[in-house]
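The block underneath contains the structure these notes are about, expressed in structure tokens.
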Amino acid sequence: QTLRRILAIPDSLERLAAMKEWCRNLPPDPVLGVMQECKGVMEAVEQTGDVEATALFFQSVDVFAQALLEQGPGNVLAVLLAPEVEGEDADLRVGLGGEVFKKWAERDPAAARALLETRLAAGGKIGRAETELSKHLMRAWVKTDPDAAMGWLLKQPKEVADEAISPAFQALSHHDPDKALKLVAEQADLPGRDEIAATIAQWWAKTTPDKALEWAQ
């Protein structure tokens, strides 16, 4: 009932602010329940032809993640991302946990990395949660210290490196294509090197075609 009352607020900014205030003090599992209910409401609205429903849901997820981040990301992620995320709500748990972690990595990549390293060092199976967190970490970290970020990633287990290498270079190609090219040139054994190089070339072709042509030649 509370969710439906909030979703009925006509002004989108007021609606999102009310949702954030509601979720600010809720523990992670109840927030996850709100997210599940919101998803169900949005899917029902979509069936009636409302094209804004999907956008509204993803805006709501961003609000949920921000509210949980303010509660303390370490404690929140310990609840949302158990070492083995299973069950019917596994997709939502990984998705929401990933959004919290992404915001944390953008704010404090060193602290986010420490939590991920703890999970990787636990000795259990490296699952979807770990690979998703590694992608979020690399997208944020590579913009501030690309050498350290790539050096760290290439030392990680193959399951992690293979999944995160392309997103890392995609983020760096948008942020600093010259640095992205330098890192590709320095790493002859880089996993997926040809595909990564093509990504850099495509970005350059859209922004500085002369540089793209020069590099290709």
Side-chain angles (χ1 to χ4, degrees), residues 16 20 23 28 31 35 58-83 85 91-122 126-184 186-187 190-193 195-197 199-200 202-204 206-207:
L16 293 172
K20 182 177 180 180
C23 294
V31 172
M35 180 178 170
F58 285 110
Q59 289 174 335
S60 301
V61 172
D62 186 71
V63 167
F64 299 148
Q66 186 62 43
L68 289 174
L69 180 68
E70 293 172 5
Q71 295 182 25
N75 295 332
V76 166
L77 291 172
V79 176
L80 286 178
L81 301 178
V85 180
D91 288 344
L92 290 178
R93 283 185 174 275
V94 172
L96 183 57
E99 287 299 312
V100 174
F101 185 86
K102 178 174 72 175
K103 291 179 179 297
W104 189 23
E106 291 169 349
R107 176 186 298 180
D108 190 347
R113 184 183 75 246
L115 181 137
L116 177 55
E117 287 174 341
T118 299
R119 294 180 66 94
L120 293 173
I126 295 177
R128 182 176 44 165
E130 287 72 30
T131 57
E132 286 300 311
L133 297 190
S134 69
K135 293 177 188 178
H136 290 310
L137 173 65
M138 291 303 298
R139 289 188 184 106
W141 191 12
V142 79
K143 296 176 184 177
T144 58
D145 193 347
D147 291 308
M150 295 306 303
W152 177 87
L153 182 60
L154 294 176
K155 295 177 182 177
Q156 301 311 307
K158 187 175 185 299
E159 302 97 314
V160 172
D162 286 353
E163 288 290 331
I165 195 77
S166 182
F169 268 100
Q170 186 174 24
L172 185 58
S173 296
H174 288 218
H175 181 70
D176 187 348
D178 292 329
K179 184 63 177 179
L181 171 60
K182 185 175 185 293
L183 287 175
V184 169
E186 291 172 350
Q187 299 289 340
L190 192 70
R193 191 168 185 258
E195 291 78 8
I196 291 168
T199 298
I200 299 172
Q202 289 169 0
W203 177 249
W204 273 350
K206 295 176 181 178
T207 57

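Worth saying up front: this structure is predicted, and the values here are computed from it rather than measured. Counting from 1, the numbers follow the sequence of the chain as shown.
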Any Leu68 side-chain heavy atom under 4.5 Å of Leu77 side chain: no

Atom pair CE/CZ of Met35 and Arg93 - distance to nearest 0.5 Å: 11.0 Å

Rounded distance (nearest 0.5 Å) linking atom CZ of Arg128 with atom CG of Leu133: 11.5 Å

Side chain to side chain donor-acceptor pair (under 3.5 Å) involving Glu99 - partner list, sequence neighbours excluded: Lys102

Thr131 to Ser134 - nearest heavy-atom pair and separation: O-OG, 2.6 Å

Nearest heavy-atom neighbours spanning Ala105 and His136: CB-O, 4.2 Å

Minimum heavy-atom distance Ala112-Leu137, with the two atoms named: CB-CD1, 4.4 Å

All side chain to side chain contact (heavy atoms under 4.5 Å, CB included) counterparts of Ala168, not counting sequence neighbours: Met138, Met150

Residue pair Cys23 / Val31: nearest heavy atoms and the distance that separates them: O-CG2, 4.0 Å

Residues in side chain to side chain donor-acceptor pair (under 3.5 Å) contact with Gln156, at least two apart in sequence or another chain: none

Heavy-atom side-chain proximity of Leu116 to Val160 below 4.5 angstrom: no

For the student: nearest non-hydrogen atoms of Ala65 and Leu96, plus distance: N-CD1, 4.1 Å

Of all pairs that satisfy salt bridge (charged side-chain N to carboxylate O under 4.0 Å, His left out), the ones with a partner from residues 165-178, not counting sequence neighbours: Asp178-Lys211

Set of side chain to side chain contact (heavy atoms under 4.5 Å, CB included) partners for Leu16, sequence neighbours left out: Gln59, Ser60, Val63

Any pair counted as side-chain hydrogen bond (donor to acceptor under 3.5 Å, both in side chains), so long as it reaches residues 138-152, sequence neighbours left out: Glu117-Trp152, Asp147-Lys179

Shortest non-hydrogen contact from Val79 toward Pro28: CG1-CB, 3.9 Å

Pairs where residues 165-175 contributes a residue and the test salt bridge (charged side-chain N to carboxylate O under 4.0 Å, His left out) is met, not counting sequence neighbours: none

Where at least one partner belongs to residues 151-161, residue pairs that pass salt bridge (charged side-chain N to carboxylate O under 4.0 Å, His left out), sequence neighbours excluded: Lys158-Asp162

Side chain Arg119, main chain Leu81, donor-acceptor under 3.5 Å: yes

Partner set under side chain to side chain contact (heavy atoms under 4.5 Å, CB included) for Gln66, not counting sequence neighbours: Lys20, Leu69, Glu70, Lys103, Arg107

Side-chain heavy-atom pair His175, Val142 within 4.5 angstrom cut-off: no

Side chain to side chain contact (heavy atoms under 4.5 Å, CB included) against Ala180, all qualifying residues, sequence neighbours excluded: Phe169, Leu172, Ser173, Ile200

